[in-house]
Amino acid sequence: MPELPEVEIIRGQLARELRGARISSCEVLLPRLVKYPTALGFRRGVRGREVREVRRRGKYLLFALDGDRELVIHLGMTGSLLLLPRGGERPRHTHILFHLEDGRDLIYVDPRTFGETALVRRGDYRSLPCLSRMGPEPLADDFTPSRLAAALRGKCRVKAALMDQARLAGLGNIYADEALHRAGIHPLRRVDTLRGRDVARLHAAVREVLDEALESGGSSVSDYVDLQGERGNFQERHLVYRRAGEPCRACGEIIRRETVSGRGTYFCPCCQK
DNA sequence: ATAGGCCTGACG
DNA sequence: CGTCAGGCCTAT
């Protein structure tokens with residue numbers, strides 16, 4: 001799935017491309033991807049609405065529509081949004097189409113169908129528990145090392161904490177592993193063993209890796225493409241993610257893979273303690 | 001705090 | 001055939 005940098009790239013493109021665009025109609029080919037209200041209510045609710053603003057919270061895209069409705073899209077693991085001229089061939093795994101008045105279609109494509117959409121009253125996220133409990137945005141100006149320290153309370157493993165959206169918004173498996181390597185912290189470390197300097201390094205590492213990924217157009221490990229169908233380049237700069245058996249770019253030690261809280265976790269046993 | 005479920009596809 | 005996949009939810 002797109003994680004924070006990839007969703008942010010798509011958000012920026014949507015904001016530019018959809019300025020003032022109006023949805024003339026909507027087709028839902030796979031109704032279970034609509035979490036709220038019903039597929040019918042969703043289609044009726046977006047019809048005729050103008051897109052006023054596109055924001056992001058964690059990995060969620062939030063489209064402010066005229067009226068007081070907000071369209072919420074989460075791309076799951078393999079979702080993508082594509083903006084195409086109307087009437088062309090539909091990509092495989094197309095599940096939702098927003099037909100725009102200007103003749104373009106905004107298309108939601110998702111092979112694994114882990115994504116979700118909803119149409120809510122603005123700011124009312126009760127039907128989306130993860131969004132309603134979302135932790136702080138790591139790229140916000142007010143995200144300080146002490147905010148990160150507060151997010152790392154408890155006794156869980158630091159990798160699990162970084163991926164917990166209620167603690168910190170937007171990190172997934174790739175950027176959690178990459179940030180931990182940059183900070184020199186082992187993914188299995190328990191958060192209550194981290195010292196002030198560890199938290200400071202992790203804070204810097206999280207922001208740096210997200211910034212660099214944004215500059216590189218995001219990570220395209222398998223499915224990720226932007227609104228124009230273009231892949232990112234940051235996967236070429238990954239230091240650990242999916243590099244098991246290869247040498248660490250910092251020290252030459254062999255990168256290991258272990259399962260941590262159910263997710264494949266990549267780290268350098270020499271650089272990360 | 002951790003496992004299993006949801007889905008399809010790529011790869012060995 | 002089995003393993004691995006960028007995430008979230010629900011149940012223990």
Taking [M] as the reference, what is the distance to [N] when you measure between their [atom1] atoms (whole Å, please)?
N: C:dC8; M: B:dG9; atom1: P; answer: 22 Å
N: C:dC4; M: B:dA3; atom1: P; answer: 15 Å
N: C:dC1; M: B:dC6; atom1: C1'; answer: 22 Å
N: B:dG4; M: C:dT3; atom1: P; answer: 14 Å
N: B:dC7; M: C:dT10; atom1: P; answer: 14 Å
N: C:dG6; M: B:dA1; atom1: C1'; answer: 22 Å

Could you check whether [X] pairs with [Y] (Lys NZ or Arg NE/NH1/NH2 to Asp/Glu carboxylate O, under 4.0 Å)?
X: A:Arg19; Y: A:Glu17; answer: no
X: A:Glu3; Y: A:Lys59; answer: no
X: A:Glu101; Y: A:Arg86; answer: no

(request) Return the stacking result for C:dG6 and A:Tyr224: yes when the ring centres lie under 5.5 Å apart and the planes under 30°, no otherwise. (result)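 So no, this residue does not stack on that base, at least one cut-off failing.
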
Does a nitrogen or oxygen in the side chain of [X] sit under 4.0 Å from OP1 or OP2 of [N]?
X: A:Arg190; N: B:dA1; value: no
X: A:Tyr175; N: C:dG6; value: no
X: A:Lys59; N: C:dC8; value: yes
X: A:Arg32; N: C:dC9; value: no
X: A:His93; N: B:dG9; value: yes
X: A:His74; N: C:dG7; value: no
X: A:Lys155; N: B:dA1; value: no

(request) Decide yes or no, distance alone: a donor-acceptor N/O pair under 3.5 angstrom between the base of C:dA5 and the side-chain of A:Arg242. (result) no

(message) Can you confirm whether A:Glu53 sits close enough to A:Phe63 that some side-chain heavy atom of one is under 4.5 Å from a side-chain heavy atom of the other?
(response) no

Whole-Å distance between [N] [atom2] and [X] [atom1]?
X: A:Met77; N: C:dG6; atom1: CE; atom2: C1'; result: 6 Å
X: A:Tyr266; N: C:dC4; atom1: OH; atom2: P; result: 8 Å
X: A:Leu33; N: C:dC8; atom1: CG; atom2: P; result: 15 Å
X: A:Leu128; N: C:dT10; atom1: CG; atom2: P; result: 11 Å
X: A:Ile73; N: C:dC8; atom1: CD1; atom2: P; result: 15 Å
X: A:Ile10; N: C:dG6; atom1: CD1; atom2: C1'; result: 12 Å
X: A:Arg263; N: B:dA3; atom1: CZ; atom2: P; result: 13 Å
X: A:Phe114; N: B:dG5; atom1: CZ; atom2: P; result: 12 Å

State which of [options] makes the closest approach to the side chain of [X].
X: A:Arg167; options: B:dA1, C:dC9, B:dT8; result: B:dA1
X: A:Thr113; options: B:dC7, C:dG7, B:dA1; result: B:dC7
X: A:Arg112; options: C:dG6, B:dC7, C:dC8; result: B:dC7
X: A:Met163; options: C:dG6, B:dG9, C:dG7; result: C:dG7

(request) Using both distances under 3.5 Å as the test, list the Watson-Crick or G-U wobble partner of C:dG6, or none. (result) none

(request) Compute the ring centroids of A:Tyr241 and A:His181, then answer whether they are less than 6.0 Å apart. (result) no

(request) Verify whether one side chain among A:His238 and A:Ser219 offers a donor that lies under 3.5 Å from an acceptor in the other. (result)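 A:Ser219 and A:His238 do have a side-chain donor-acceptor pair below 3.5 Å.
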
(request) For A:Gln165, answer base if it contacts any base atom (sugar-phosphate contacts may also be present), sugar-phosphate if it contacts only those atoms, and nothing otherwise; contact means non-hydrogen atoms under 4.0 Å. (result) sugar-phosphate

(request) Pick base, sugar-phosphate or nothing for A:Arg92, based on heavy-atom distances below 4.0 Å to the nucleic acid. (result) sugar-phosphate

(message) Using every non-hydrogen atom in the two residues, find where A:Leu239 and A:Ile255 come nearest and quote the distance to one decimal.
(response) O-CD1, 4.1 Å

